[in-house]
Undergrad: 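This is the structure I have questions about; it appears just below.
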Amino acid sequence: MDTSSTRLSLPSEPRAFGFFVDGAFVPAGPREVFERRSPGHDVPVTRIPKCTTGDLDMAVDAARAAFDDRRWSGLGGQARAAVLLKAGALIRERAEEIAYFETLENGKPISQARGEVAGCADMFDYASGLARSLHGDSFNNLGDGMLGLVTREPVGVVGIITPWNFPFLILCERVPYVLASGCTIVAKPSEVTSATTLILAEILTEAGLPDGCMNVVTGSGSTIGQALIEHPKVDMLSFTGSTAVGRRVVEAAGRTNFKKLGLELGGKNPQIVFADADLDDAADGVAFGIAFNTGQCCVSGSRLIVERPVADAFAQKVRDKLSRAVVGDPLDEATQIGAITTDAQNATILSYIEKGQAEGARLICGGTALDFGRGQYIAPTVFGDVTADMAIAREEIFGPVLTVMPFDTVEEAIAMANDTDYGLAASVWTKNIDKALMVTRRVQAGRFWVNTTLAGGPELPLGGFKQSGWGREAGMYGVEEYTQVKSVHVEIGKRTPWIA
Ligand code: NDP
């Protein structure tokens, strides 16, 4: 580990949080507590209560009451916008604290966490405008006796289940938009990364959000998460995580109250590189696309599909780039690639690396765990001689593991890119505008990048095609997801009588 640059200290003791209901923290009290250990250092960093289903009922009741009495949805857009803007400002004020806990619990580099937190504040700024511009439609062409209106109304109580890979970012790609629509929230973060969701709840209350509009329950997915997806008083659920749990969410909605669903699930995202691309720039982008957040990223570019004449040389360029990335202590400001977030994910990634070798793929670089004395780290890994039927080419590994497959024609590149159950994201690298547009239009993915990767922001919607999910988050599309449409016919003057 490089110790020459600035490194933040570990906390002297873990910080204890309560869960958050009706505008206030509820201390753990007699409940069981989950102690989170930093994956980068293996020391305890937070203590989080394991909520009971009774706690969940309390949180849902608070959100239900806050929605039903219209204390939030009944406000004008201007008042809702003011709260969201204030929340953005408070996130900026507490940015260092949020980034610190995000890094401690998740293992991502502190510099990256700071960037994400700044982006999250911006989400609140942007969504504040949407609270004021959200509107419906009108039909003034129904004849002199009739006016047609289409209004957008908030869906109600929204459950938000978030994963551990971007605990604060994914939360903030949802919460300000949900609140802009007038809905109220019960959030359930991953048990291993709950701290920053709890901090956000506190910030929102300080920003003036009425009590009951943002509640956070903590605990494991299999207990409290499952109870939330089955809860009959929750009107909509936004779930981000694995395709397997996504299926359970769909089943639970069908079994209970047909709650509306937003699903953002897995990806096995192609990076198509043509020989005419700026290959140095593309190699840097491909390295970033697979190693950012240690590849624990639903939109990571894990399948490199590269034009055959440059395939070997390009794979070497990517290897050279990755060999210079700084892997190590997440609290070190120079670190670019941090720790693997959970023991289970660490084991999964290493097992895929073994499987790739057993299936006959050729290791171009990486392929091993890195030993820094404590914590869990994996070297960025690139496999050549990969065929489309191999598990490493088909299944989401969710780690820094890139597969390389060559192509000969544009048609073949498009077919290879689409040869997956997923459709979350894709990139194309070329200086030829025709090829770029042809590929962009024909590859099935909810997010697309041309000569870049992993670009984002609050304006453009997020979501997937095929088994990568349903619905969209962020942008105006994201707010509209949390509304339902009502059609209104208004008679002007007198009806033509039915019975004369
Ligand atoms: P999960 O789908 O298990 O977890 C995502 C969220 O769902 C967490 O908050 C989890 O809680 C919760 N959860 C788990 N089980 C249930 C359940 N039965 N009912 C309701 N909520 C539940 O993903 P993992 O964390 O296990 O990651 C496994 C794989 O998922 C990864 O390898 C990757 O393929 C994919 N993934 C995709 C993400 C994306 O952004 N699209 C993000 C994260 C993972 P808890 O963690 O407390 O158990």
Side-chain angles (χ1 to χ4, degrees), residues 19 34 36 39 46 48-51 53 56 105-106 108 159-171 173-174 186-197 216-231 234 237-253 255-256 259 261-269 292-300 302 340-352 391 394-401 420-425 445-447 454 456 462-464 466-471 473:
F19 61 105
F34 173 78
R36 175 62 174 155
T46 52
I48 308 284
K50 281 180 170 287
C51 287
T53 50
L56 173 66
E105 288 193 331
N106 169 279
K108 66 180 65 201
I160 302 181
I161 296 183
T162 47
W164 42 256
N165 57 340
F166 292 97
F168 199 63
L169 182 66
I170 289 178
L171 183 75
E173 286 170 348
R174 283 131 186 83
V186 177
K188 205 295 288 176
S190 171
E191 183 163 49
V192 297
T193 53
S194 301
T196 54
T197 303
V216 181
V217 288
T218 47
S220 77
S222 55
T223 55
I224 216 69
Q226 184 70 32
L228 179 56
I229 65 180
E230 290 176 353
H231 208 291
V234 172
L237 200 112
S238 164
F239 172 79
T240 309
S242 63
T243 302
V245 177
R247 272 184 222 290
R248 297 177 79 115
V249 172
V250 174
E251 284 161 15
R255 243 186 303 116
T256 55
K259 52 180 70 68
L261 299 178
L263 304 173
E264 193 178 322
L265 309 173
K268 189 72 182 172
N269 311 294
F292 177 70
N293 213 48
T294 46
Q296 300 174 117
C297 188
C298 52
V299 290
S300 83
S302 52
I340 304 298
T341 305
T342 68
D343 297 349
Q345 194 57 33
N346 198 53
T348 300
I349 298 167
L350 292 173
S351 78
Y352 272 110
R394 305 210 72 77
E395 294 167 22
E396 186 181 38
I397 298 174
F398 223 60
V401 181
T420 168
D421 292 336
Y422 296 110
L424 196 55
R447 297 177 71 183
L454 304 189
L462 318 167
K466 302 201 280 188
Q467 292 186 31
S468 290
W470 291 349
E473 306 284 356

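Order of listing sets the numbers, starting from 1, for every ligand and every atom in it. Not measured: the values here are computed from a predicted model.
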Undergrad: Do E396 and S302 have side-chain atoms, one donor and one acceptor, less than 3.5 Å apart?
TA: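 The criterion, which ignores hydrogens and geometry beyond distance, is not satisfied for S302 and E396.
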
Undergrad: Checking contacts now, so for atom 13 (N) of ligand 1, which I'm interested in, is there any protein heavy atom under 4.0 Å?
TA: yes

Undergrad: Would you check whether G221 has a nitrogen or oxygen atom less than 3.5 angstrom from a nitrogen or oxygen atom of ligand 1?
TA: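 For ligand 1, there is an N or O atom that lies under 3.5 Å from one belonging to G221.
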
Undergrad: Name the closest protein heavy atom to atom 11 (O) of ligand 1, giving the residue it belongs to and the distance to 0.1 Å.
TA: K188 NZ, 2.9 Å

Undergrad: Nearest heavy atom to atom 32 (O) of ligand 1 wins, so pick from E395, Q345, K268, Q226.
TA: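 Residue with the shortest heavy-atom distance to the ligand atom: Q345.
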
Undergrad: After noting the C-alpha distance and the side-chain angles of S238 and E473, does the key distance pass the side chain to side chain donor-acceptor pair (under 3.5 Å) rule?
TA: CA-CA 9 Å; S238 164; E473 306 284 356; 3.1 Å; yes

Undergrad: Return the residue, atom name and 0.1 Å-rounded distance of the protein heavy atom closest to atom 9 (O) of ligand 1.
TA: T162 O, 2.7 Å

Undergrad: Looking at F166 and Q296, what are the two nearest heavy atoms and their distance?
TA: CE1-O, 3.9 Å

Undergrad: Mind checking whether S190 contacts ligand 1 via backbone (N, CA, C, O), side chain (CB onward), both or neither, at a 4.0 Å heavy-atom cut-off?
TA: both

Undergrad: So, 4.0 Å and heavy atoms of S468: is ligand 1 close enough to count as a contact?
TA: no

Undergrad: Strictly under 4.0 Å, does any heavy atom of F166 approach an atom of ligand 1?
TA: no

Undergrad: Side chain to side chain donor-acceptor pair (under 3.5 Å) between S194 and R36: does it pass, once the steps are laid out?
TA: CA-CA 9 Å; S194 301; R36 175 62 174 155; over 6 Å; no

Undergrad: Please check whether I229 reaches ligand 1 - meaning an N/O of the residue sits under 3.5 Å from an N/O of the ligand, judged on distance alone.
TA: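 Between I229 and ligand 1, no N or O pair is found under 3.5 Å apart.
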
Undergrad: In terms of residue, atom name and distance, what is the protein heavy atom nearest to atom 39 (C) of ligand 1?
TA: C298 CB, 3.2 Å

Undergrad: Just to be sure I read this right, does ligand 1 sit under 4.0 Å from the backbone of Q296, its side chain, both, or neither, counting only heavy atoms?
TA: neither

Undergrad: As a test of understanding, state which of I160, V249, L56, T223 forms a side-chain contact (heavy atoms from CB on, under 4.5 Å) with L228.
TA: L56

Undergrad: Return yes or no for this condition: an N or O of T240 is under 3.5 Å from an N or O of ligand 1.
TA: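 So ligand 1 has no N or O lying under 3.5 Å from an N or O of T240.
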
